[in-house]
**Student:** 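Take this structure first; my questions come after.
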Amino acid sequence: QAKASGRNAFRFFSPSMTAEVSERLLLENQLRLALAQQQFYLELQPKYHIASRRLNGFEALLRWRQPDGSLVSPARFIPVAEDSGVITELGLWVLEQACRTATEWVRHGRQLTIAVNVSARQLTHGDFCAEVARVLRDSGLPPALLELEVTEGTLIDYSGPVRQQLAGIKALGVRLAVDDFGTGYSSLAYLKNFAPDTVKIDRSFVSGLQHNRDNAAIVSAIITLARNLDMESLAEGVETEAELAALQALGCDTVQGYLTGRPLAVNDALALCRLQAAASAA
Ligand code: C2E
Ligand code: MG
Ligand code: MG
Ligand code: MG
């Protein structure tokens, strides 16, 4: 017994653990520096209405290019930004950039929504709703063109402050989406209380949908649920025509994935907006 716990204690101080901790600390310091030195930028991934094939909007995805030119994946730096609290400042920067960009589209005559990912920590620290109101005012973006995405994990804490913040945001006329739906703690009570405008079906259910009965059953149920609750259904991570056809047959509203468009540089997204406008005017 003593030997076992002794081994556990030793494992806690093992060189690999120390390396992991110091790597995180290093990353955290680099994050603060990166924000100050403007190493972050956004990419925008298009979303389309399935039935009409029309461009519906974009999701803003954060990118970090280090001075040596290497890209760090959000899967790696977002958790560190969340744990360290850097996410509140970083998230606000994303929101400001995204709203400014979408306002530019409006100036070009395109009313397209911009979706922005929001971490739980942003909703529990300070008055995020007031920040959103300020950013909308400063950018001049109509609130209905902004959609904020939260994951089910965020809704676990759907009480007190988080509930208040989300209700306030909704009252501004901003849209809300539940991201990666089905992968977290998908209590239907959360869905009912949160009442998002959009349900984003996680890629893990969409992938190979046409020949996986279980995935097809889950996706079909989510689409039906969303429709009956007057919510938009969006399939994430669509990569093949076969998946798209299956989603259309199931009545899914919108789609986002490598098949219909990879994340684009801000200028390329604007070019796509103008191209689509020209196509629909023709
Ligand atoms: P997410 O919000 O679910 O974003 C969708 C992710 O799926 C993006 O990864 C996107 O590039 C990727 N994706 C889109 N279509 C496809 C496809 O067809 N196939 C595959 N394999 N992947 C596809 P990305 O950009 O690496 O972001 C990963 C996650 O990091 C995001 O997942 C989101 O949770 C988080 N994230 C990104 N930007 C932000 C941000 O500004 N704030 C916060 N809080 N989180 C962010
Ligand atoms: Mg998202
Ligand atoms: Mg997602
Ligand atoms: Mg995801």
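Both ligands and their constituent atoms are indexed starting at 1 by order of listing.
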**Student:** Q122 to ligand 1: N or O pair under 3.5 Å?
**Tutor:**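 The answer is no, given that Q122 and ligand 1 share no N or O pair closer than 3.5 Å.
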**Student:** Closer than 4.0 angstrom: is that true for some heavy atom of R262 and an atom of ligand 1?
**Tutor:**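 Contact absent.
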**Student:** Relative to atom 27 (O) of ligand 1, which among P74, A75, S73 owns the nearest non-hydrogen atom?
**Tutor:**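 Residue with the shortest heavy-atom distance to the ligand atom: P74.
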**Student:** Could you tell me, atom by atom, which parts of ligand 1 come under 4.0 Å of a heavy atom of V94?
**Tutor:**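 Listed by number with element: 41 (O).
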**Student:** Using a 3.5 Å distance criterion without hydrogens, assess whether the side chain of Q45 forms a donor-acceptor pair with backbone atoms of G261.
**Tutor:**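 Flag set: sc Q45 to bb G261 pair under 3.5 Å.
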**Student:** Does only the side chain of Q45 get under 4.0 Å from ligand 1, or the backbone, or both, or neither? Count heavy atoms.
**Tutor:**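 Under 4.0 Å from ligand 1, Q45 contributes side-chain atoms alone.
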**Student:** What distance do L33 atom CG and Q66 atom CD have between them, rounded to the nearest 0.5 Å?
**Tutor:**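 If I round to the nearest 0.5 Å, the distance is 10.0 Å.
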**Student:** Under a 4.0 Å heavy-atom limit, does E236 contact ligand 1 with its side chain, its backbone, both, or neither?
**Tutor:**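 Answer for E236: side chain.
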**Student:** Which option wins on minimum heavy-atom distance to atom 46 (C) of ligand 1: T260, I78, V116, D180?
**Tutor:**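 Going through T260, I78, V116, D180 one by one, I78 has the nearest heavy atom to atom 46 (C) of ligand 1.
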**Student:** Could you list which atoms of ligand 1 come closer than 4.0 Å to a heavy atom of D179?
**Tutor:**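 Reading through ligand 1 atom by atom, the close ones are 1 (P), 2 (O), 3 (O).
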**Student:** Look only at the side chain of D180 and the backbone of D202, and say whether a donor-acceptor pair between them is shorter than 3.5 Å.
**Tutor:**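 It does not hold such a pair.
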**Student:** Quick one: NE2 on H49 to CG on N56, what's the gap to the nearest 0.5 Å?
**Tutor:**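 Going from NE2 on H49 over to CG on N56, the span is 4.0 Å.
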**Student:** On a heavy-atom basis, I'd like to know which of V206, N117, V238, D202 is closest to atom 40 (C) of ligand 1.
**Tutor:**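 Looking at heavy atoms only, N117 sits closest to atom 40 (C) of ligand 1.
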**Student:** side-chain hydrogen bond (donor to acceptor under 3.5 Å, both in side chains) with Q256: which of R203, K47, E59?
**Tutor:**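 That would be E59; it is the only one of R203, K47, E59 passing the side-chain hydrogen bond (donor to acceptor under 3.5 Å, both in side chains) with Q256.
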**Student:** At a 4.0 Å cut-off, with the gap strictly under it, does some heavy atom of E59 reach an atom of ligand 1?
**Tutor:**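 Yes, that is the case, since the closest heavy atom of the residue is under 4.0 Å from the ligand.
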**Student:** When you measure from the heavy atoms of P263 to every atom of ligand 1, does any distance fall below 4.0 Å?
**Tutor:**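 For ligand 1, residue contact (heavy atoms, under 4.0 Å) with P263 is present.
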**Student:** Pairs of nitrogen or oxygen atoms closer than 3.5 Å, one from L62 and one from ligand 1: do any exist?
**Tutor:**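 Yes, at least one N or O pair falls under 3.5 Å.
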**Student:** I'd like to know if the side chain of R121 and the backbone of E82 have a donor-acceptor N/O pair within less than 3.5 Å.
**Tutor:**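 Yes, R121 side chain to E82 backbone: donor-acceptor pair under 3.5 Å.
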**Student:** Let me confirm one number: the OG1-CZ distance from T113 to R175, rounded to the nearest 0.5 Å.
**Tutor:**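 Rounded to the nearest 0.5 Å, the OG1-CZ separation comes to 6.5 Å.
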**Student:** Within the structure provided, determine whether T154 and V118 are in side-chain contact (heavy-atom separation under 4.5 Å).
**Tutor:**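 No, side chains not in contact.
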**Student:** Restricting to N/O/S, name the atom of E236 that gets closest to the Mg ion (ligand 3).
**Tutor:**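 Closest to the Mg ion (ligand 3) among those atoms: OE2.
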**Student:** Under a 4.0 Å heavy-atom limit, does K200 contact ligand 1 with its side chain, its backbone, both, or neither?
**Tutor:**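 It is neither; nothing of K200 touches ligand 1.
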**Student:** Is Q165 reaching over with its side chain to a backbone N or O of F128, donor-acceptor style, under 3.5 angstrom?
**Tutor:**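 Judged by distance alone, yes, a pair lies under 3.5 Å.
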**Student:** Please work out whether the ring planes of F58 and W105 are parallel, tilted or perpendicular, with thresholds of 30° and 60°.
**Tutor:**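 F58 vs W105 ring planes: tilted.
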**Student:** For the backbone of V199 and the side chain of S233, can you confirm whether one donor and one acceptor N or O come within less than 3.5 Å of each other?
**Tutor:**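 Flag not set: sc S233 to bb V199 has no pair under 3.5 Å.
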**Student:** Could you tell me which atoms of ligand 1, counted from 1 in the order shown, lie closer than 4.0 angstrom to a heavy atom of E239?
**Tutor:**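 Matching atoms, with element in brackets: 17 (C), 18 (O), 19 (N), 20 (C), 21 (N).
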**Student:** So that I can tick it off, tell me whether E28 and R32 are bridged by a salt bridge, with the cut-off set at under 4.0 angstrom between side-chain N and carboxylate O.
**Tutor:**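 Salt bridge flag = yes for E28 with R32.
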**Student:** Measuring from the Mg ion (ligand 3), name the closest N, O or S atom belonging to D179.
**Tutor:**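 Relative to the Mg ion (ligand 3), the closest nitrogen, oxygen or sulfur of D179 carries the name OD1.
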**Student:** Which single N/O/S atom of E149 lies at minimum distance from the Mg ion (ligand 2)?
**Tutor:**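 Looking only at N, O and S atoms of E149, the one nearest the Mg ion (ligand 2) is named OE1.
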**Student:** Looking at the Mg ion (ligand 3), which N/O/S atom of D180 is the nearest one?
**Tutor:**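 Going through the N, O and S atoms of D180 one by one, OD1 ends up nearest to the Mg ion (ligand 3).
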**Student:** Taking both backbone and side chain into account, is any N, O or S atom of E59 nearer than 2.8 Å to the Mg ion (ligand 2)?
**Tutor:**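 Yes, within the cut-off.
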